[in-house]
Number of protein chains: 2
Amino acid sequence: MVDIAFGPSVVVQTAGEIKPGSKSEQAYTSIKARIVQGTFSPGYRLVLVKIAEDLGFSVVPVREAIRRLEAEGLVKFERNVGATVSGIDPTEYLYTMQTLSIVEGAATALSAPLIDSAAIARARAVNEEMRECLDHFDPVRFTALNQDFHSVLFEHCPNPHILDLVHRGWNRLASLRSSTFRFVPGRARESVREHEDLLQLIESQASADTIEHAARRHRAATLDAYLAQASAIPEPLPTSQEEKR
Amino acid sequence: MVDIAFGPSVVVQTAGEIKPGSKSEQAYTSIKARIVQGTFSPGYRLVLVKIAEDLGFSVVPVREAIRRLEAEGLVKFERNVGATVSGIDPTEYLYTMQTLSIVEGAATALSAPLIDSAAIARARAVNEEMRECLDHFDPVRFTALNQDFHSVLFEHCPNPHILDLVHRGWNRLASLRSSTFRFVPGRARESVREHEDLLQLIESQASADTIEHAARRHRAATLDAYLAQASAIPEPLPTSQEEKR
DNA sequence: GCAATACTCATCGTATACGATTTCGTACTT
DNA sequence: AAGTACGAAATCGTATACGATGAGTATTGC
């Protein structure tokens with residue numbers, strides 16, 4: 001596993017304690033972790049008092065935490081009704097993936113000129129790990145490695161806002177994936193190949209447009225694979241840059 | 001002025017009362033409005049107690065509101081220190097504009113196939129109003145009309161997440177503009193022309209790529225104009241899709 | 001038996017109070 | 001005179017308590 005400097009709102013993987021911080025902070029990371037890991041799956045009812053006594057806190061910090069999660073789109077908070085983990089709707093998955101494809105594409109294109117050969121080597125190492133992972137397939141591990149791969153590329157992304165949007169997308173996606181939406185068989189292998197293609201584009205200093213398009217397609221292809229297998233969605237909205245060809 | 005269904009987090013323009021809602025809600029909209037309008041300019045220190053007694057509320061709803069604003073990037077909230085309106089840094093303006101150019105581009109491309117002739121007519125009417133506005137130039141009014149114009153285009157945007165990102169960008173931008181960053185002379189006139197170009201692209205059912213690129217350039221050009229006049233920024237980062245031509 | 005109304009309970013919303021932390025000013029020392 | 005240490009004020013952080021609101025349930029009338 002490559003050592004990566006994660007952004008502020010990246011997926012929480014170590015549930016252990018790092019530092020106390022404020023209780024509001026703790027509540028935030030704790031609840032977020034459970035949502036992302038799937039302990040609180042979409043539709044789960046988050047009752048303030050229950051969570052509060054579960055964590056040993058009062059309700060006020062928990063409220064704050066939930067408000068923050070609401071702003072990130074992970075939960076829905078209705079007045080006098082309560083909070084529920086959002087994203088039962090299949091269209092949520094679609095929108096999240098579509099948005100993610102756009103911001104990841106932009107982030108990759110912005111980062112590409114700043115990626116040095118050492119970083120490319122590290123990214124390639126992660127991708128090889130993913131390739132090895134294909135045989136004994138573990139979705140959780142694969143997803144983690146996938147995020148590692150892209151995190152390496154985004155290491156020197158000049159625009160922190162874009163990066164933040166990527167991280168939010170990843171969190172939402174993790175929340176959705178852990179419950180309803182499953183990996184499409186065979187897609188993982190394609191993904192590894194596309195990663196290699198992407199690295200070569202970056203190495204060859206391809207135009208920003210080319211890289212952006214490739215990165216965007218990389219994510220969009222996963223969505224397409226899902227749409228192709230799951231006909232549960234009534235009328236699939238056009239994934240961007242799709243209908244023209 | 002065209003009647004537009006604004007999204008949930010769009011710039012607040014009428015400071016009047018709409019409905020009581022929760023006090024947390026009121027505090028949120030109230031503080032947000034002041035930030036966007038420039039009453040609280042970047043760097044302004046938001047003291048919980050002062051705001052609370054100013055609004056006649058307690059501190060708890062105010063805390064919540066500030067947390068939400070923090071999640072939107074409008075304020076920075078440090079533990080045991082307090083909240084300040086974010087965005088004094090010129091790079092903030094750059095990043096915000098860059099991000100906005102990306103999400104607006106995507107939103108326009110996604111919306112384009114769904115825009116009917118009636119909507120185009122309305123957008124054109126707004127643009128004509130902007131043209132008339134050029135003589136007796138009023139930045140506030142011009143910005144409002146500009147948002148109206150794009151809002152018409154985004155009316156049937158299929159992806160609410162993208163739309164949300166656009167609105168957040170607008171809010172951040174308003175916060176920044178009202179203080180440090182001024183309009184670049186002559187840019188407004190170009191903007192009106194680009195709007196017309198954009199409408200013609202949509203009418204002629206140009207490819208999604210073409211429309212996305214045009215919409216992105218539309219925003220990026222404003223950033224370029226700013227960078228060209230203000231040499232305050234040490235080394236301007238490349239705006240996406242820039243360096244290749 | 002069904003529907004409409006009233007009631008109760010779970011849960012959220014906010015105020016107040018107090019403890020914790022930081023910051024700033026002041027005095028003392030070198 | 002400059003730096004440091006101490007202390008007080010300002011501000012944030014959280015707990016507790018109570019009021020408000022909506023949902024679910026029982027009850028009563030038809």
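Per chain, numbering begins at 1; letters A, B, ... match sequence-line order.
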In whole angstrom, give the distance that lies between atom [atom1] of [X] and atom [atom2] of [N].
{"X": "B/Glu70", "N": "D/dG13", "atom1": "CD", "atom2": "P", "result": "10 Å"}
{"X": "A/Ile51", "N": "C/dC12", "atom1": "CD1", "atom2": "P", "result": "9 Å"}
{"X": "B/Lys50", "N": "D/dA10", "atom1": "NZ", "atom2": "C1'", "result": "11 Å"}
{"X": "A/Phe57", "N": "D/dA15", "atom1": "CZ", "atom2": "C1'", "result": "13 Å"}
{"X": "B/Gln26", "N": "C/dA15", "atom1": "CD", "atom2": "P", "result": "10 Å"}
{"X": "B/Asn80", "N": "C/dG19", "atom1": "CG", "atom2": "P", "result": "16 Å"}
{"X": "A/Lys23", "N": "D/dG13", "atom1": "NZ", "atom2": "P", "result": "13 Å"}
{"X": "B/Glu64", "N": "C/dG13", "atom1": "CD", "atom2": "C1'", "result": "8 Å"}

Tabulate below the donor-acceptor pairs under 3.5 Å that side-chain atoms of residues 44-57 of chain A make, not counting sequence neighbours, or state none.
from    : atom 1 : to      : atom 2 : distance (Å)
A/Arg45 : NH2    : A/Val81 : O      : 2.5
A/Asp54 : OD2    : A/Arg34 : NH1    : 3.0

So, are [X] and [Y] salt-bridged, with charged N and O less than 4.0 Å apart?
{"X": "B/Lys76", "Y": "B/Glu70", "answer": "no"}
{"X": "A/Arg216", "Y": "B/Glu212", "answer": "yes"}
{"X": "B/Glu72", "Y": "B/Lys32", "answer": "yes"}

From C-beta outward on [X], which listed nucleotide comes closest to its side chain: [options]?
{"X": "A/Arg45", "options": "C/dG13, C/dT11, D/dA15", "value": "C/dT11"}
{"X": "A/Phe77", "options": "C/dA15, C/dT22, C/dG13", "value": "C/dG13"}
{"X": "A/Val59", "options": "D/dT16, D/dT21, C/dT22", "value": "D/dT16"}
{"X": "A/Val47", "options": "D/dG13, C/dA15, C/dC12", "value": "C/dC12"}
{"X": "B/Ser22", "options": "C/dA15, C/dT21, C/dT14", "value": "C/dT14"}
{"X": "B/Arg79", "options": "C/dT21, D/dT11, D/dA15", "value": "C/dT21"}
{"X": "B/Arg63", "options": "D/dT16, D/dT14, C/dA15", "value": "D/dT14"}

Is a side-chain N or O of B/Ser41 found less than 3.5 angstrom from the main chain of B/Gly38, in a donor-acceptor match?
->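 Flag not set: sc B/Ser41 to bb B/Gly38 has no pair under 3.5 Å.
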Is a donor on one side and an acceptor on the other found under 3.5 Å between the side chain of A/Thr108 and the backbone of A/Glu104?
->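 Judged by distance alone, yes, a pair lies under 3.5 Å.
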Would you indicate what A/Ile66 reaches in the nucleic acid, counting non-hydrogen atoms under 4.0 angstrom: base, sugar-phosphate, or nothing?
->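 Result for A/Ile66 = nothing.
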Rounded to 10 degrees, the angle between the two terminal axes of the helix from C/dG1-D/dC30 to C/dT30-D/dA1, each from five pairs |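 Answer rounded to 10°: the end axes differ by 10°.
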Run the ring-centre check on B/His150 versus B/His167 and record whether the distance is less than 6.0 Å.
->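 Ring centres of B/His167 and B/His150 not closer than 6.0 Å.
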If you find the nucleotide of DNA chain D closest to B/Val49 and the one closest to A/Val81, which residue's nucleotide is nearer the 5' end?
->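 The 5'-side residue here is B/Val49.
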Hey, does the side chain of B/Ser58 come within less than 4.0 Å of C/dA15's phosphate (OP1/OP2), counting only N and O?
->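 True: B/Ser58 side-chain N/O within range (under 4.0 Å) of C/dA15 OP1/OP2.
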Give me the ring orientation class for A/Trp170 and A/Phe154: parallel if the planes are under 30° apart, tilted from 30 to 60°, perpendicular past 60°.
->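 Geometry flag for A/Phe154 against A/Trp170: parallel rings.
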